**Student:** 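Mind looking over this structure? Questions follow.
Note that the coordinates shown come from a computational prediction; the quantities given were computed from them, not determined experimentally. Throughout, numbering of the chain's residues begins at 1 and tracks the sequence. Ligands are counted one by one from 1 in listed order, and the atoms in each one are counted from 1 as well.
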Amino acid sequence: MVEKLDKEYVLQTYTRNYVNFKKGINATLFDENEKDYIDFTSGIGVVSVGHGNKKVANKIFEQVSNISHISNLYAIEPQAKLGQKIAQLSGMDVATFFANSGAEANEGAIKIARKYGETKFDSKKYKVITLEHSFHGRTITTVKATGQESMHSANFAPYPEGFSFNNKIDDIYNSIDSETVAVMIELVQGEGGVQPLDKEAVQKLAKYLKEKDILLIIDEVQTGAFRTGEFLASNLYEIQPDIITMAKGLGGGVPIGAVITTHKDILTAGDHGSTFGGNYLCTSAALEVLDILDEEKNSGTLDETIIYFQDKLNEIYQNNRDLFTHSVGLGLMRGLRVKDAQTLASIISEGFNEGVLVLKAGKNTLRMLPPLTISKKEIDEGFKRLENALSKIK
Ligand SMILES: Cc1ncc(COP(=O)(O)O)c(C=O)c1O
């Protein structure tokens, strides 16, 4: 039924699996036949506090029963409080613009950088350098910022000017010219293969850019909201970027994007805006999500979960070195490099049959982004099912 409707009425831009999920409890999903699945994907890093989270549901119900949306023509209390919470948790002197998605947050970051480059110097600076295997979004600009040639299809050309990407951090220095305004990177490349960047190399780059008055934009759309174990991966890397973008896990399933910057005076009234961005619904949900995750972190539960997950992952990695070549990632953003793409596809589909949901990243990385609230029992069960799947494909 859902397959027929989907194929007839929804534009077919995704390769979909036609399971019909009906219910979710934390990291466990149930389909229409009541088969259960352990979710190691959290909707690609979104459902950070688990499926069906009652605290978030109650908060949303309470909020939308009263006001869900007024528009940004008026002050919005939960928006202001969320901005304050983000500043507190980041430990930085920042203010936030609220958008609706990761790509939109990155668009906002690029606009701040472009205006900085237009207004702060004698001659215009507008170029943005990114890294190969990065992923920054699907809008015309963010897809061009994405460092994957295969995503710059001629079908959507022409793209905006001023974007180039380098193979590795050390190459960025030579690519900088007098028109470079910003460098935009992910600290753990998510879609590109769960690849963390080297901490010292990032710190060296951050210092160099600061000296040259070139902005550092950190795309934390996937790494933000405690995914790597700290509120921001920037906290883990001990850097103070000029601009940070967030989305995914921030809303726990409610669409929200955030452009967080220390340069509070660059955008002024009329420069940027969004109808839905930061409305009562999404910001009250995100406030609740951050309260829950902050508590998980402070109580030590999140760190315990990360260690437990990592240990189980390591077991499966060591037991299956004939299939896996590397174990990669940070926090609850983990990956296992699979010997080839065909084997990876079989693991994902056999895992699905066994009742565990896992993701692909890059060409050959098995990616796991479980809810940050996943229980030990769910971790045990998920890896047991994954092990069963592996034994079937051998
Ligand atoms: C690092 C990063 N940036 C940007 C995006 C785009 O986010 P969205 O799909 O919400 O536009 C993604 C999505 O996967 C991402 O992982």
**Student:** Would a line drawn from the ring center of Phe30 to the ring center of Phe21 be shorter than 6.0 Å?
**Tutor:**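 That pair fails the under 6.0 Å test.
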**Student:** Suppose I only count heavy atoms of Glu186 and a 4.0 Å limit; which atoms of ligand 1 are within that range?
**Tutor:**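 Here the atoms of ligand 1 in question are 1 (C).
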**Student:** Is it the case that the ring center of His263 lies less than 6.0 angstrom away from the ring center of Tyr116?
**Tutor:**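 Ring-ring flag for Tyr116/His263: true, centres closer than 6.0 Å.
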**Student:** Using 0.5 Å steps for rounding, measure from the CD1 atom of Ile292 to the CG atom of Leu372.
**Tutor:**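 Atom-to-atom, Ile292:CD1 and Leu372:CG are 11.0 Å apart.
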**Student:** When you measure from the centre of the six-membered ring of Tyr308, is the NZ or CZ of Lys376 closer than 6.0 Å and no more than 45° off the axis?
**Tutor:**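 Flagged: Lys376 positioned over aromatic ring of Tyr308.
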**Student:** Is it the case that Lys35 places NZ or CZ above or below the six-membered ring of Phe352, under 6.0 angstrom from the centre and within 45 degrees of the axis?
**Tutor:**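 The answer is yes; both the distance and angle limits are met.
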**Student:** Take Lys55 and Glu288 through the test salt bridge (charged side-chain N to carboxylate O under 4.0 Å, His left out) and record every step on the way to the result.
**Tutor:** CA-CA 7 Å; Lys55 284 186 180 162; Glu288 189 63 33; 5.6 Å; no
**Student:** Under 4.0 Å and counting heavy atoms only, is there anything from the protein next to atom 14 (O) of ligand 1?
**Tutor:**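 When distances to the protein are checked, atom 14 (O) of ligand 1 has a heavy atom within 4.0 Å.
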**Student:** How long is the span from the CG atom in Asn279 to the CD1 atom in Ile67, to the nearest 0.5 Å?
**Tutor:**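 The distance works out to 11.0 Å.
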**Student:** For ligand 1 and Val221, I'd like to know whether there is a polar contact (N/O to N/O, distance under 3.5 Å).
**Tutor:**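 It does not: no N or O of Val221 is found under 3.5 Å from an N or O of ligand 1.
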**Student:** Under 4.0 Å from a heavy atom of Ser101: give me the atoms of ligand 1 that qualify, with their elements.
**Tutor:**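 This gives 10 (O), 11 (O) as the contact atoms.
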**Student:** What is the distance from atom NZ of Lys204 to atom CD1 of Ile239, rounded to the nearest 0.5 Å?
**Tutor:**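 These two atoms lie 15.0 Å from each other.
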**Student:** Evaluate Gln222 for polar contact with ligand 1, using N/O atom pairs at a separation under 3.5 Å.
**Tutor:**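 The answer is yes, given that Gln222 and ligand 1 share an N or O pair closer than 3.5 Å.
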**Student:** Heavy-atom contacts with Asn106 under 4.0 Å: which atoms of ligand 1 show up? List them by number with element.
**Tutor:**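 What qualifies from ligand 1 is 3 (N), 4 (C).
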**Student:** Tell me which one of Glu104, Met246, His136, Gln189 gets a heavy atom nearest to atom 4 (C) of ligand 1.
**Tutor:**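 Result: the heavy atom closest to atom 4 (C) of ligand 1 is in His136.
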**Student:** For Phe98 and Phe276, I'd like to know if the aromatic rings sit close, meaning centre-to-centre distance below 6.0 Å.
**Tutor:**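 No, the ring of Phe98 stays outside the 6.0 Å limit from the ring of Phe276, centre to centre.
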**Student:** Looking at Phe135, which atoms of ligand 1 are within less than 4.0 Å of one of its heavy atoms?
**Tutor:**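 Numbered from 1, ligand 1 contributes 1 (C), 2 (C), 3 (N), 4 (C), 5 (C), 6 (C), 12 (C), 13 (C), 14 (O), 15 (C).
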**Student:** Determine, considering heavy atoms only, which of Gly192, Gly137, Ala103 sits nearest to atom 11 (O) of ligand 1.
**Tutor:**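 Heavy atom nearest to atom 11 (O) of ligand 1 belongs to Ala103.
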**Student:** Just jot down the ligand 1 atoms closer than 4.0 angstrom to any heavy atom of Lys248, in number order.
**Tutor:**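 Ligand 1 atoms under the 4.0 Å threshold to Lys248: 13 (C), 14 (O), 16 (O).
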**Student:** What's the shortest distance from atom 3 (N) of ligand 1 to any protein heavy atom, and which residue and atom give it?
**Tutor:**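 Scanning the protein heavy atoms, the shortest distance from atom 3 (N) of ligand 1 goes to Asp219 OD2, 2.7 Å.
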**Student:** Under 4.0 angstrom from ligand 1, any heavy atom of Arg138?
**Tutor:**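 False for this residue.
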**Student:** Starting from atom 8 (P) of ligand 1, locate the nearest protein heavy atom and write down its residue, its atom name and how far away it is, to 0.1 Å.
**Tutor:**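 So the nearest neighbour among protein heavy atoms is Gly102 N, 3.5 Å.
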**Student:** Between Thr142 and ligand 1, find which residue part has any heavy-atom pair under 4.0 Å and reply side chain, backbone, both or neither.
**Tutor:**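 None of Thr142 does.
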